[in-house]
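Owing to the predicted nature of the structure, the values given are computational and were not obtained by experimental measurement. Every chain is numbered from 1 and lettered A, B, ... according to where its sequence line falls, protein lines coming before strand lines.
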Protein chains: 2
Amino acid sequence: MATISDVARVAGVSVSTVSYAINGSRPISEATRLRVFAAMDALSYQPHAMARGLASKRSRILGLHFPMEDRGLGFTELEFVVGAADTAFAGGYHLILSPLMSEQPRELLQLTQQGLVDGVILMEVLQDDPRVEALRALRFPFAMIGRCADNRGIDYVDTDFESTMSDAVCYLAALGHTSLAYITQSHQTFDSGYGPVVRTCATFTQTLLQHDIAGAIYFCGASAADGNAILRTIFEEQPAVTALLAMNDRALVGIVQGLDDLGYSLPADISLVTLVSSMRIGELFRPPVTTFAVPSSEMARLGVELLIDRLENPAHPIRQLLIPCTMVDQGSAAAPAHMHVVRV
Amino acid sequence: MATISDVARVAGVSVSTVSYAINGSRPISEATRLRVFAAMDALSYQPHAMARGLASKRSRILGLHFPMEDRGLGFTELEFVVGAADTAFAGGYHLILSPLMSEQPRELLQLTQQGLVDGVILMEVLQDDPRVEALRALRFPFAMIGRCADNRGIDYVDTDFESTMSDAVCYLAALGHTSLAYITQSHQTFDSGYGPVVRTCATFTQTLLQHDIAGAIYFCGASAADGNAILRTIFEEQPAVTALLAMNDRALVGIVQGLDDLGYSLPADISLVTLVSSMRIGELFRPPVTTFAVPSSEMARLGVELLIDRLENPAHPIRQLLIPCTMVDQGSAAAPAHMHVVRV
DNA sequence: TGGCTCCGTCGAAACGCTTCGATGCTCTCC
DNA sequence: GGAGAGCATCGAAGCGTTTCGACGGAGCCA
């Protein structure tokens with residue numbers, strides 16, 4: 001409840017001097033600074049965020065924008081949100097959530113035009129994202145967790161889907177697999193241009209060619225039932241398959257169950273790895289599933305840092321970071337069955 | 001970028017008239033209102049949040065405070081956060097996250113004293129929570145998702161742990177079980193006075209007495225390994241056990257695995273239900289686990305509504321809501337084995 | 001027709017901070 | 001010893017709203 005002028009009075013200096021002492025925006029003698037700080041905590045003074053924001057035209061609030069659709073929520077999302085809030089806080093910012101159901105930039109514009117947030121972080125970025133257009137047109141500061149087709153002039157941090165997929169395929173190829181199935185997300189997701197799906201599909205195909213092995217992509221909805229169903233499709237269309245790659249956390253249960261139902265055991269009869277999942281997902285199964293784990297917290301941290309840096313040093317060069325997933329071997333992948341046979 | 005005085009000029013009225021037209025805080029003639037609104041969207045005017053907050057002393061921002069400790073993050077937490085943000089937005093508010101690692105009220109005070117938030121929502125409330133003391137002393141508006149020992153004068157919404165536990169025990173008793181084990185969270189959690197654990201333990205014991213059946217409580221850490229370990233302890237200490245109740249999502253995997261390892265199958269050899277979990281948890285297993293599911297989104301919504309109502313109608317009576325979990329029967333509980341034998 | 005009330009509108013004073021220009025002071029150098 | 005530079009500090013003008021008191025005009029009743 002104490003205001004800056006109370007502090008000034010107690011410290012015996014002017015209001016502006018207090019302001020300079022707090023913000024360091026002009027040199028202040030050590031003696032004065034000490035008196036000011038003493039007065040501040042005598043009064044347990046807290047600068048008023050709104051007043052500060054109004055005068056300085058900087059709210060020190062960041063917006064986190066993640067549209068939520070049918071993909072739904074998993075562990076990763078929460079890790080992102082929490083990581084982002086933490087980092088923002090550490091940097092002296094606050095984080096506002098705008099979990100808008102649609103991707104329409106309208107409400108986003110509202111948020112930015114109200115002077116509430118200094119910048120926004122975009123999650124779940126599409127290849128061709130209307131939010132990006134809008135923000136760009138407004139010249140409003142933002143950073144992305146994810147990336148789109150044209151990323152010129154945009155700071156972002158994203159999972160390195162290309163290298164992750166390539167790592168995964170190489171890993172399985174090295175184990176001796178020659179017929180892979182990649183279970184990704186829904187066809188609509190692909191068509192909407194959702195980067196993770198688009199990129200991994202491209203890299204999957206490409207890497208297969210490089211290794212000269214067979215494989216196919218299967219689109220799969222976000223439920224256990226979908227996972228279960230796709231499994232049957234796979235075995236029908238591609239009976240020789242020996243290893244499965246999945247990037248669909250919500251269908252994974254169905255896949256694991258389905259394998260068990262069909263009498264396949266991991267990794268003796270078939271290999272399975274999950275891509276771009278939270279560490280915690282793979283642990284949920286029995287046996288646990290080898291995971292190419294997405295470093296959610298780190299990405300969130302980097303995303304926020306990118307944005308804060310942009311706000312505070314607009315002249316810094318653009319930074320675009322790709323973080324590969326790290327493999328956590330949980331034993332659900334091994335050499336294919338025929339290899340065992342050969343060995344015998 | 002347009003300000004209220006631009007709008008006033010274009011509409012040919014005074015600044016205060018525009019303000020009244022926007023906020024409805026004084027009667028304005030229909031003709032004038034129309035001109036004002038026309039001017040507003042001609043200029044695509046957005047009121048400046050900081051200026052408004054400063055002048056009105058209401059930021060229209062809510063703080064969501066959830067300390068995160070070893071219990072870690074699950075589906076429920078995210079559902080809370082998202083539900084809260086949605087409801088806040090619908091009510092014309094924004095939601096700020098303060099995921100502070102500690103329960104120390106210091107940073108909370110900072111948040112409130114900066115005039116940044118109009119009110120806060122407390123999650124993960126302890127029986128005797130320092131945050132509650134602090135907020136009370138400040139006469140700062142808040143609502144809780146959860147409750148503490150002394151809830152006088154506090155709006156809250158909480159899971160009805162008592163009725164949920166009692167429902168669960170009754171359900172199992174009705175199936176014919178006479179020896180139960182309740183696997184709850186860690187002993188430290190209990191000792192720290194965490195409401196959900198304290199209350200369910202009390203009710204468990206009480207309900208056993210009412211039904212005159214046997215049972216014991218087992219404290220269990222928040223990992224699959226802990227779940228696995230506790231299972232062995234249970235079978236040693238209570239060999240006659242036929243049904244397990246668990247309120248520990250992170251240990252649940254270990255429990256389910258452990259049962260399988262020991263050759264018990266659900267529900268033929270033993271029954272299992274999980275309490276106060278997200279709907280999504282039970283579905284993750286095979287067979288799925290019968291869940292007394294916590295209505296996270298609804299609770300979040302109610303919590304936010306409680307707070308907003310308190311802010312806008314301070315005179316309204318205090319509301320304290322208990323929401324029972326609803327059972328989702330997934331088939332992991334059935335009559336105990338000896339009953340089958342009897343039938344044969 | 002004069003005196004009321006009531007309605008719609010206006011002007012100006014906050015709200016608590018930042019920031020710009022100005023001012024005095026001390027120190028240095030010819 | 002006086003001009004010049006540099007440092008620490010001050011006063012005041014904003015920032016874009018809300019809100020309070022006031023005011024003019026219309027409508028009513030006596």
Report summary line: Under a 4.0 Å heavy-atom cutoff, the residues of residues 35-46 of chain A touching DNA chain D are none

Requested in this report: Taking only the side-chain nitrogens and oxygens of Ser29(A), find out if one of them lies under 4.0 Å from OP1 or OP2 of dT9(D).
Outcome: yes

Distance-only check: which donor-acceptor pairs under 3.5 Å involve side-chain atoms of residues 312-319 of chain A, not counting sequence neighbours?
unit_1, atom_1, unit_2, atom_2, d
Glu312(A), OE2, Tyr93(A), OH, 3.0
His316(A), ND1, Asp309(A), OD1, 3.3
His316(A), ND1, Asp309(A), OD2, 2.8

Query raised in the report: When you check the phosphate oxygens OP1 and OP2 of dT18(D), does a side-chain N or O of Ser19(B) lie under 4.0 Å from one of them?
Result: yes

Query raised in the report: Quick one: Glu30(A) CD to dA8(D) P, roughly how many Å, whole number?
Result: 11 Å

**Report entry** Ile28(A) CD1 to dC7(D) C1', straight-line distance once rounded to whole Å
**Finding:** 10 Å

Report task. Measure across Ser56(A) and Arg52(A) and return the closest heavy-atom pair with its distance rounded to 0.1 Å. Result -> OG-O, 2.7 Å

Query raised in the report: Going through the distances and angles, do Asp160(B) and Leu321(B) end up as a side-chain contact (heavy atoms from CB on, under 4.5 Å)?
Result: CA-CA 9 Å; Asp160(B) 191 341; Leu321(B) 313 174; over 6 Å; no

Report summary line: Contacts of Ser25(B) and Met1(B) projected onto DNA chain D by closest heavy atom; the upstream (5') one is Met1(B)

Requested in this report: Please check the phosphate of dT9(D) (OP1 and OP2 only) for any side-chain N or O of Thr17(A) closer than 4.0 Å.
Outcome: no

Query raised in the report: When you measure from the side chain of Thr87(A) to the backbone N and O of Gly83(A), does any donor-acceptor pair fall under 3.5 Å?
Result: yes

**Report entry** Atom pair distance, as rounded to whole Å: CG in Leu34(A) and P in dT9(D)
**Finding:** 12 Å

Query raised in the report: What is the distance from atom CG of Leu116(A) to atom CD1 of Ile96(B), rounded to the nearest 0.5 Å?
Result: 8.0 Å

Report task. Identify whether any heavy atom of Leu54(B) sits under 4.0 Å from a base atom; if not, whether one sits that close to sugar-phosphate; answer base, sugar-phosphate or nothing. Result -> base

Requested in this report: Would you kindly give the CE-to-C1' distance between Met50(B) and dC17(C), to the nearest whole Å?
Outcome: 13 Å

Query raised in the report: Between dA12(C) atom P and Tyr20(B) atom OH, what is the distance in whole Å?
Result: 14 Å

Requested in this report: For Thr32(B) and for Ala51(B), locate the closest nucleotide of DNA chain C by heavy-atom distance; then report the residue assigned to the nucleotide nearer the 5' terminus.
Outcome: Thr32(B)

Query raised in the report: Quick one: does Arg147(B)'s side chain have a donor or acceptor within less than 3.5 Å of a partner on Thr159(B)'s backbone?
Result: yes

Requested in this report: Classify the nucleic acid contact of Ser16(A) as base, sugar-phosphate or nothing, counting any heavy atom under 4.0 Å across all strands shown.
Outcome: base

Query raised in the report: Does dT18(D) have OP1 or OP2 sitting under 4.0 Å from an N or O in the side chain of Ser56(B)?
Result: no

Query raised in the report: Is the phosphate of dG16(D), meaning OP1 or OP2, less than 4.0 Å from a side-chain N or O of Arg52(B)?
Result: no

Query raised in the report: Hey, what do you get for CG (Asn151(A)) to CG (Asp158(A)), rounding to the nearest 0.5 Å?
Result: 8.5 Å

Query raised in the report: Under the side-chain contact (heavy atoms from CB on, under 4.5 Å) criterion, do His65(A) and Leu97(A) qualify, and how do the steps go?
Result: CA-CA 6 Å; His65(A) 191 263; Leu97(A) 233 53; over 6 Å; no

Report summary line: Separation of dC17(C) atom P from His48(B) atom NE2, nearest Å, is 17 Å

**Report entry** Side-chain donor/acceptor of Ser44(B) to backbone N/O of Asp41(B), under 3.5 Å
**Finding:** no

Query raised in the report: Within the pair Lys57(B) and dG16(C), is there a side-chain N or O less than 4.0 Å away from OP1 or OP2?
Result: yes

**Report entry** Protein-nucleotide distance (Arg60(B), atom CZ; dG16(D), atom C1'), rounded to Å
**Finding:** 17 Å

Query raised in the report: Heavy atoms under 4.0 Å, any strand shown: does Val15(A) hit a base, just sugar-phosphate, or nothing?
Result: base

Report task. In whole angstrom, give the distance that lies between atom CD1 of Ile4(A) and atom C1' of dC15(C). Result -> 14 Å

Query raised in the report: Between the base of dG21(D) and the side chain of Arg26(B), is there any donor-acceptor pair under 3.5 Å?
Result: yes

Query - Axis bend over the full length of the helix from dT1(C)-dA30(D) to dC30(C)-dG1(D), computed from five pairs that close each end, to 10 degrees - result: 50°

Requested in this report: Decide side-chain contact (heavy atoms from CB on, under 4.5 Å) for His94(A) and Leu111(B); before the verdict, give the C-alpha distance in whole Å, the side-chain angles of both, and the deciding distance to 0.1 Å.
Outcome: CA-CA 10 Å; His94(A) 289 280; Leu111(B) 196 69; 3.2 Å; yes

